[in-house]
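Counting starts at 1 for both ligands and their atoms, in listed order. What you see is a predicted model, and the numbers here were worked out from it, not measured in a lab.
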Amino acid sequence: MSYRIGLVGKPSVGKSSFFNAATMNDVPEGAYPFTTIDPSVGEAYVRVECAAPEFGEECTPSVGYCEDGIRFVPTKLVDVAGLIPGAHEGNGLGNQFLTDLNETDVLVHVVDFSGETDAEGEPTEGHDPRADIDFLEDELDQWYLGILKKGVDRYETGYTTDDDAIEEELAEQMSAFKTNEDEIKRLIRRVDIGFDPETWDEADRLALAREIRTATKPMVIAANKMDTPEAQANYAEITSDPDYDHLTIVPCSAHAEKALKSADKAGVVDYRPGDASFEIVGDVSADQEQGLEQIQTFLDEYGATGVQAALETALFDVLGVVPVFPGGANGLGNDRGEILPDCYLIPPNSTAEDFAYSLHSDIGDGFLHAIDCRSSRQLGKAYEVDDRDVIEVITTN
Ligand SMILES: Nc1nc2c(ncn2[C@@H]2O[C@H](COP(=O)(O)OP(=O)(O)OP(=O)(O)O)[C@@H](O)[C@H]2O)c(=O)[nH]1
Ligand SMILES: [Mg+2]
């Protein structure tokens, strides 16, 4: 299973800058709206503490890499066009943009916390980032609502067979959001509007659309441009505003991450992405040294640049993805002599049998039992896999 994290937000908030910092790509960045038109997909990484050292081994990753005991596991990151108010009605690059989001599992909403861009991404001063947070949620809800209404209309005009339930119709209409009848049923129950759509008023439909949206497109907020004093002031204010308590907000500087990675690549600093510090190892000019000192002050204050943190919060905390290492109970190597080559990211609440199927359908079909490589304990197929488990699957074939 490969996860896709989508970067969303109004124009000029730094989505492409975040994308480039995370993936070390070079898509255009610019201080004007709609710099990005076509979506880009790149490879970013999430950090997982490597299990090999616990076995006295050094791993040989088949994908990604390992640096000082931290595995960098690849995941897909998608950079899309900016979204402006009315996008669901086609404003800006509207519908095109929204369709690009269909394929994503979780969103990182990049917000310009400096307040120096207006609702349309044009330069301004003193714009309240809260307005952006609200608008994006509303816009996504309206997009979902439009699709939900089509499902309700189809149901009411009787294009479906009589005994079709509303959840079946909606699950079909909203299948692009990777939902299903059971989930829709559960969400209708949760908003408590009953199962007869004829009794739903506009507010009921919107409440349901919102519920389906938050369930199928969970979201983290990356408070970007935190290297500016304006953003830091807004961050302090918004994180202490009780109305925004329910959100997960990660302070972030795409610029700082990009600067450190570039300096690392150039041999100027030693920096492991996501770390709270770096070391200057090459010759630096006085200007460079001053810039690096500023970045270190930022890291001291906020713990990291926030780019790694935003991606990992999205995948591990919000989506609940579980990293698992396929291992061997009698040594971690495979038949090619690779040590712990893979780290799989699997859905929350997966069982040992689900894990076997994620390796290969034959392994799932032939599942006998699994072994916890740390304790050598035998695990049944219903065992729920845990964070950083090292598991060998024993099959009939
Ligand atoms: N200070 C500061 N500026 C940033 C940061 N990230 C991006 N910017 C600036 O914000 C502007 C917009 O950046 P982009 O990455 O092009 O923004 P975008 O969200 O992709 O914009 P669109 O593609 O038009 O939707 C550029 O001038 C960037 O240099 C950051 O971390 N700090
Ligand atoms: Mg862009």
task = First locate atom NZ of K217, then atom CD of E137, and finally report the distance between them rounded to the nearest 0.5 Å.
result =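 K217 NZ to E137 CD: 14.5 Å, rounded to 0.5 Å.
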key: Any donor-acceptor N/O pair, E230 side chain to F113 backbone, under 3.5 Å   =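 Checked: no pair found.
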inquiry  = Out of the candidates T216, T104, D105, only one should pair with K178 under the side chain to side chain donor-acceptor pair (under 3.5 Å) rule; please name it.
reply    =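 Of T216, T104, D105, side chain to side chain donor-acceptor pair (under 3.5 Å) with K178 is met by D105 alone.
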Side chain to side chain donor-acceptor pair (under 3.5 Å) partner of T305, chosen from K258, E257, K261 = E257
query = How about Y65 and Y45: are their ring centroids closer than 6.0 Å?
reply = yes
inquiry  = I need the protein N, O or S atoms closer than 2.8 Å to the Mg ion (ligand 2), given as residue plus atom name.
reply    =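 S16 OG, T36 OG1, with waters left out.
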ask   = For T351 and D354, does a side-chain donor sit closer than 3.5 Å to a side-chain acceptor?
value =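 Per modelled atom types, T351 and D354 side chains form a pair under 3.5 Å.
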query = Does a side chain donor of either H127 or D132 reach within less than 3.5 Å of an acceptor in the other side chain?
reply = yes
remark   = Sorted by chain and number, sequence neighbours left out, ring-ring contact (aromatic ring centres under 6.0 Å, His included) with F367 holds for none
Put together the list of close N/O pairs, under 3.5 Å, between ligand 1 and the protein, could you?
unit_1	atom_1	unit_2	atom_2	d
ligand 1	1 (N)	D227	OD2	2.8
ligand 1	3 (N)	H255	ND1	3.4
ligand 1	6 (N)	N224	ND2	3.2
ligand 1	8 (N)	H255	NE2	3.4
ligand 1	10 (O)	K225	NZ	3.1
ligand 1	15 (O)	S16	N	3.4
ligand 1	15 (O)	S17	N	2.8
ligand 1	15 (O)	S17	OG	2.6
ligand 1	16 (O)	G30	N	2.8
ligand 1	16 (O)	G30	O	3.4
ligand 1	17 (O)	G14	N	3.1
ligand 1	19 (O)	V13	N	3.2
ligand 1	19 (O)	G14	N	3.0
ligand 1	19 (O)	K15	N	2.9
ligand 1	19 (O)	K15	NZ	2.8
ligand 1	20 (O)	S16	N	2.9
ligand 1	20 (O)	S16	OG	2.9
ligand 1	21 (O)	S12	N	2.9
ligand 1	23 (O)	T36	N	2.9
ligand 1	23 (O)	T36	OG1	2.8
ligand 1	24 (O)	F34	N	2.8
ligand 1	24 (O)	T35	N	2.8
ligand 1	25 (O)	K15	NZ	2.9
ligand 1	25 (O)	G82	N	3.4
ligand 1	29 (O)	H255	NE2	3.0
ligand 1	31 (O)	N224	OD1	3.2
ligand 1	31 (O)	D227	OD1	3.3
ligand 1	31 (O)	A254	N	2.9
ligand 1	31 (O)	H255	N	3.0
ligand 1	32 (N)	D227	OD1	2.8
ligand 1	32 (N)	D227	OD2	3.4
ligand 1	32 (N)	H255	ND1	3.4

inquiry  = According to ring pair (Phe, Tyr, Trp, His ring centres under 6.0 Å), does anything in residues 174-206 pair up with another residue at least two apart or in another chain? List the pairs.
reply    =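 Residue pairs passing ring pair (Phe, Tyr, Trp, His ring centres under 6.0 Å), neighbours aside: W143-F177, Y144-F177.
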